[in-house]
Amino acid sequence: MYGEAINRNTYNEARRLISNGKFSEAYRILKEVISSDRTAEWFFLTGMAAMKMGRYDEGEDYIKRARFMDPENREYDEAYNQFSSYRNDYDNRARYYNERRRYDSGGCCCNPCCCCCGDDCANTCCQLWCLDSCCECMGGDFITCC
């Protein structure tokens with residue numbers, strides 16, 4: 001009973017910290033909870049803090065576990081669904097962008113010789129454009145404005 005009260009205070013404090021944008025601090029105090037005392041709420045809050053800190057895989061794992069432990073909790077379910085939707089939208093946008101870039105250029109962006117041939121290779125601007133084209137072909141983006 002005593003441990004439950006301490007954990008309840010920790011969870012309330014973690015929620016407050018998360019809502020105030022202090023994700024690292026919330027994560028730190030949650031990690032101090034003894035592993036045998038970790039509830040579905042602990043996994044949910046730790047997952048939310050981890051995600052807000054950019055640790056998406058870790059956050060997803062924790063939120064999945066919270067949903068598994070308490071499948072009737074709508075807050076856990078909504079957070080997981082929101083994250084999944086965001087991740088799927090991001091994946092679709094990235095896939096579309098990369099396919100569009102690859103096919104709009106007739107496949108040229110994947111061949112460095114096609115982009116940087118001739119005397120212009122010494123030109124810094126041409127070299128940067130070529131590097132950007134090659135990066136985009138592989139799924140990255142060296143120069144974000146073009």
Side-chain angles (χ1 to χ4, degrees), residues 1-116 121 124-146:
M1 186 70 155
Y2 179 70
E4 288 178 28
I6 291 173
N7 288 344
R8 176 61 40 210
N9 290 338
T10 299
Y11 299 157
N12 289 337
E13 178 66 7
R15 280 184 183 275
R16 187 186 66 73
L17 290 168
I18 290 169
S19 69
N20 289 331
K22 297 180 179 181
F23 311 118
S24 297
E25 198 173 330
Y27 185 84
R28 182 188 55 74
I29 68 166
L30 287 163
K31 284 299 207 168
E32 292 173 359
V33 173
I34 299 168
S35 61
S36 61
D37 291 342
R38 294 177 179 174
T39 64
E41 186 170 5
W42 181 90
F43 283 98
F44 170 72
L45 293 172
T46 305
M48 292 302 291
M51 278 199 201
K52 298 291 187 175
M53 292 173 10
R55 299 176 182 177
Y56 300 111
D57 290 338
E58 180 184 2
E60 181 182 12
D61 289 343
Y62 282 135
I63 292 174
K64 271 188 205 176
R65 178 100 183 251
R67 283 179 70 213
F68 177 77
M69 293 172 74
D70 188 359
E72 301 300 316
N73 189 306
R74 291 183 61 119
E75 182 182 27
Y76 304 166
D77 196 49
E78 287 172 10
Y80 180 77
N81 290 337
Q82 181 180 7
F83 168 74
S84 295
S85 175
Y86 177 78
R87 183 192 50 203
N88 292 339
D89 288 347
Y90 177 83
D91 289 346
N92 290 335
R93 284 191 313 271
R95 187 174 17 267
Y96 171 76
Y97 174 79
N98 290 325
E99 286 175 2
R100 185 178 53 84
R101 290 285 295 168
R102 186 173 297 124
Y103 296 117
D104 284 353
S105 64
C108 180
C109 75
C110 292
N111 183 353
C113 295
C114 143
C115 300
C116 296
C121 278
T124 303
C125 186
C126 180
Q127 291 173 350
L128 290 173
W129 176 74
C130 181
L131 179 61
D132 181 54
S133 296
C134 292
C135 285
E136 288 171 349
C137 193
M138 301 300 277
D141 194 10
F142 185 71
I143 304 171
T144 58
C145 64
C146 56

Exercise for the section: List the steps and the verdict of side chain to side chain contact (heavy atoms under 4.5 Å, CB included) for L17 and E13. Expected result: CA-CA 6 Å; L17 290 168; E13 178 66 7; 3.9 Å; yes
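- The side chain to side chain donor-acceptor pair (under 3.5 Å) test applied to T39 returns Y11, not counting sequence neighbours.
- For K31, the side chain to side chain donor-acceptor pair (under 3.5 Å) partners two or more places apart in sequence, or in a different chain, are Y62.
- Using modelled atom types, no side-chain atom of R38 and backbone atom of F43 make a donor-acceptor pair closer than 3.5 Å.
- Atom CD of E25 sits about 9.5 Å away from atom CG of N20, to the nearest 0.5 Å.
- Across M48 and A79, no two heavy atoms sit closer than the pair SD-CB, 4.0 Å.
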Problem - Step-by-step side chain to side chain contact (heavy atoms under 4.5 Å, CB included) determination, Q82 to E78 - result: CA-CA 6 Å; Q82 181 180 7; E78 287 172 10; over 6 Å; no
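- Not counting sequence neighbours, the partners of R67 by the salt bridge (Lys or Arg N to Asp or Glu O under 4.0 Å) test are D77.
- Taking every heavy atom of both residues into account, A14 and A26 meet most closely at O-CB, 3.8 Å.
- Shown here are the salt bridge (Lys or Arg N to Asp or Glu O under 4.0 Å) partners of R15, two or more places apart in sequence or in another chain: E41, E75.
- Residues satisfying the side chain to side chain contact (heavy atoms under 4.5 Å, CB included) criterion with F68, sequence neighbours excluded, are absent altogether.
- With sequence neighbours excluded, no residue forms a ring pair (Phe, Tyr, Trp, His ring centres under 6.0 Å) with F23.
- Among residues two or more places apart in sequence or in another chain, the salt bridge (Lys or Arg N to Asp or Glu O under 4.0 Å) test is passed with E32 by R28.
- With sequence neighbours excluded, no residue forms a ring pair (Phe, Tyr, Trp, His ring centres under 6.0 Å) with Y27.
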Practice task
Kindly determine whether M51 and I63 satisfy side chain to side chain contact (heavy atoms under 4.5 Å, CB included), including the steps that lead there.
Solution key: CA-CA 10 Å; M51 278 199 201; I63 292 174; 3.4 Å; yes
Handout entry: Derivation of the side chain to side chain contact (heavy atoms under 4.5 Å, CB included) call for F83 and Y56
Key = CA-CA 9 Å; F83 168 74; Y56 300 111; 4.1 Å; yes
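- Nearest heavy atoms, L45 versus I18: O-CD1, 3.6 Å.
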